Every structure is written in structure tokens, then in C-alpha cells.
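Being a predicted model, the structure only gives us computed values, none of them experimental. Side chains are part of it too, since the values below use all heavy atoms of this structure and drop only hydrogens, waters and symmetry mates. Sequence lines set the chain letters: A, B, ... in the order given, protein chains first and strands last, and positions in each chain run from 1.
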Amino acid sequence: MINEIEQQVEKILTKYGIKNAPVSVKEIAKQHDISIAKAPSDKFSGLLFRKENGQAFIALNSDESPVRQRFTIAHELGHYFLHPNKSSFVDFRDNKKNILRGPKEVQANRFAAALLMPKKFLEKDVAALASEGLTEEHVGFLAQKYNVSEDAMTFRLMNLHLNPIT
Amino acid sequence: MKIDAADKANGELKRLIGKRIQTVRSRLGRTAKWVAIRMDIDRSTLSQIETGTIHINAVTLFKLAAILRCDIQDFFPTVPDSSSLTERDVELFAQENAQAAVFLKKAFKPKKS
């Protein structure tokens, strides 16, 4: 499944001619007529709702940081592309709750990471940056470049076996 | 139940398109007879189209626009924009997850359906 997710993300990047970070997740949503709106919420980071006619809506928590909101869009896009047979997905702020709910949430997180930090882009950047191993500063720099949190970047680098910090 | 709703929506759309055809035709001062002759259809068929009794297909619609020299968009209501989440949609979702439906509603402020 992980490889399938990576492949699907690559297809999407190719389709929309996305060659550089940061990946515009809003643009991808727009291309699929997915509308995005925000509201504050104590409970939810976001949700994806699909009407019977296929029209999709992503709600985001306006209280969360832009980087977090961006991750949520990518996560909901994951549900949109990976799980076409279910009409709605709800994502709690408490991530433990999400992961306990089964593989679909984990898959959507994988998708989000792959979309926001595409493997090929990162491999290239890491090779150019740090032939002798990544430092914390490098991770910070990459997180900024990809417009993701440093935690998300660290996980992604580890998952891709790209020189964890020494 | 779902199919009933879809049928109803289709019927309403059919009537709406028919009504618009009639409005455009009258605005341009063309009689039903004048249009029917040029369309090579019966006047009764045109009347059925205008009352939304029968479906008009894309080719006929195109011909009609050509004959009336109007914009084909004149025959259609505005395509709902992507923010057209209705209260009904939210109600349906609420049956699944009431709290999340409140969040969805706050974000999209749906119009009455």
C-alpha cells in the first residue's frame, strides 16, 4: 500500500506539472473542484465530505496554524484519492484517536506526507544539501522549503531512509 | 428514496430549462410556429420541451440556439458553484456524525435547499 500511495502521488504531481516544493495542495483541490472552507473547532482538524454527485468539500479548523491546515488539506486529499467509496471522513485534533480508527487514517497521513514532501524532490534536495548527513539546521531548512512542520519533515526523512540526523 | 429525489431534481431542471427556452423565444419575438418550422419539429414537440414534459437533447438545444441566435447559456440556470453545500446535505451528514456536521455547517454556511 505504501508504494501504491507513493505512485499515486507521483501521478498527481506529473499530471499537474508540479516539479518543485512547496506543493500547492490548494491548487490540486481546485483542479478537482473541491471547495475548502474554514471554521473554528475544539474537536476537529478537518473533514472531507462528498456529495452523491461527487462534489467534495474540505472543512479546515481555522484555529490551527497554516502549516497544520496545509497538512490537513493534503490528508483530506488522501481520503479523496485513496478512498473513493466512502462519503465522509472526519479528522480529530487528537491524532491518537485518528490512528486508532484504522488503516484509512494512516493511509491518508502517508499520502499527505508523500504529497507535501515528494520522494524525488527530497532525494534531490538532500543530495545537494548534505552529502555527509543531515543536521538539525538542514531539517529546519527543508521544513521551511516544503512548508511543513519540522516533525513531519523528520518523519518523512526517516521513512525514506534519507540520513536520519546523526 | 434517493432515486425519487434525483427524479424530482431532474424534473425541476427540465421544467426550468423549458421555461428559459420559452422566455428567450418570447424575448426575441419568435412564435412557437416560427421556431418549430426551422427546427423541423412539431409545434407540439416544442411545446412539450417548453413545459418540461420531454427532454431536449444537446443537438436540438444547439440548433435552437443557432436559430434564435442566442447564447446557449441562456437556456440554463447558473451552474451551482462549488460552495453549494445545502442544508439538506448537512442534515444527511448529521445522521452520521452530528458534531462534525456542526463543524461542516459553520465552515460552509449552506443555503437552504
Side-chain angles (χ1 to χ4, degrees), chain A residues 25-64 66 68-69 72-73 75-77 79-80 83 85-95 97-98 100-102 104-105 108, chain B residues 1-20 52 54-58 61 71-113:
Chain A
V25 285
K26 279 188 187 164
E27 185 57 33
I28 296 169
K30 203 172 148 194
Q31 293 291 335
H32 288 263
D33 281 331
I34 302 169
S35 34
I36 299 174
K38 297 176 192 179
S41 172
D42 299 335
K43 230 181 152 64
F44 306 106
S45 278
L47 64 83
L48 174 80
F49 177 74
R50 223 181 324 230
K51 284 170 66 154
E52 275 176 40
N53 65 8
Q55 223 176 357
F57 302 83
I58 292 175
L60 297 177
N61 188 337
S62 52
D63 291 337
E64 293 185 327
R68 176 64 233 222
Q69 289 183 24
T72 303
I73 297 174
H75 175 98
E76 306 306 342
L77 285 176
H79 286 307
Y80 179 85
H83 313 129
N85 298 324
K86 193 169 177 278
S87 66
S88 64
F89 296 88
V90 173
D91 295 288
F92 293 97
R93 300 190 74 175
D94 178 359
N95 199 39
K97 252 187 191 169
N98 293 326
L100 287 173
R101 285 184 306 150
K104 285 198 169 78
E105 294 307 317
Chain B
M1 182 66 184
K2 274 180 191 170
I3 293 165
D4 283 354
D7 270 355
K8 203 177 153 207
N10 285 346
E12 275 165 22
L13 206 49
K14 216 156 50 171
R15 272 193 293 281
L16 209 57
I17 292 170
K19 182 95 184 110
R20 289 206 167 224
I54 58 168
H55 261 301
I56 181 165
N57 68 37
L61 207 54
D71 193 332
I72 201 145
Q73 182 56 49
D74 295 348
F75 300 141
F76 298 102
T78 315
V79 176
D81 63 23
S82 47
S83 66
S84 64
L85 189 80
T86 63
E87 282 191 343
R88 172 91 185 124
D89 295 324
V90 176
E91 279 164 26
L92 282 174
F93 183 46
Q95 291 170 9
E96 224 176 285
N97 189 331
Q99 283 180 320
V102 172
F103 175 45
L104 182 69
K105 191 172 176 177
K106 253 199 270 173
F108 282 95
K109 302 171 185 70
K111 298 177 188 86
K112 284 199 195 303
S113 33

I need the residue from Ile36(A), Asn53(A), Leu47(A) with the largest number of non-hydrogen atom pairs under 4.5 Å to chain B.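 Top count of heavy-atom pairs under 4.5 Å with chain B: Leu47(A).
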
Pick whichever of Ala59(A), Gly46(A), Ser87(A), Pro40(A) has the most heavy-atom pairs under 4.5 Å with chain B.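 That would be Ala59(A).
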
Sort Ser62(A) into side chain, backbone, both or neither according to what part of it lies under 4.5 angstrom from a heavy atom of chain B.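 Neither part; nothing is under 4.5 Å.
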
Please flag which part of Lys51(A) lies under 4.5 Å from any non-hydrogen atom of chain B: side chain, backbone, both or neither.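 Only the side chain of Lys51(A) comes within 4.5 Å of chain B.
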
To the nearest 0.5 Å, tell me how far [X] [atom1] sits from [Y] [atom2].
X	Y	atom1	atom2	value
Thr86(B)	Asp89(B)	OG1	CG	3.0 Å
Phe103(B)	Phe93(B)	CZ	CZ	10.0 Å
Leu92(B)	Ser88(A)	CG	OG	10.5 Å
Leu77(A)	Thr72(A)	CG	OG1	11.0 Å

Interchain contact, Glu96(B) with chain A, by part (heavy-atom threshold 4.5 Å):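 Contact with chain A involves the side chain of Glu96(B) alone.
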
Candidate pair Gln95(B) and Glu91(B), rule side chain to side chain donor-acceptor pair (under 3.5 Å), full reasoning: CA-CA 7 Å; Gln95(B) 291 170 9; Glu91(B) 279 164 26; over 6 Å; no

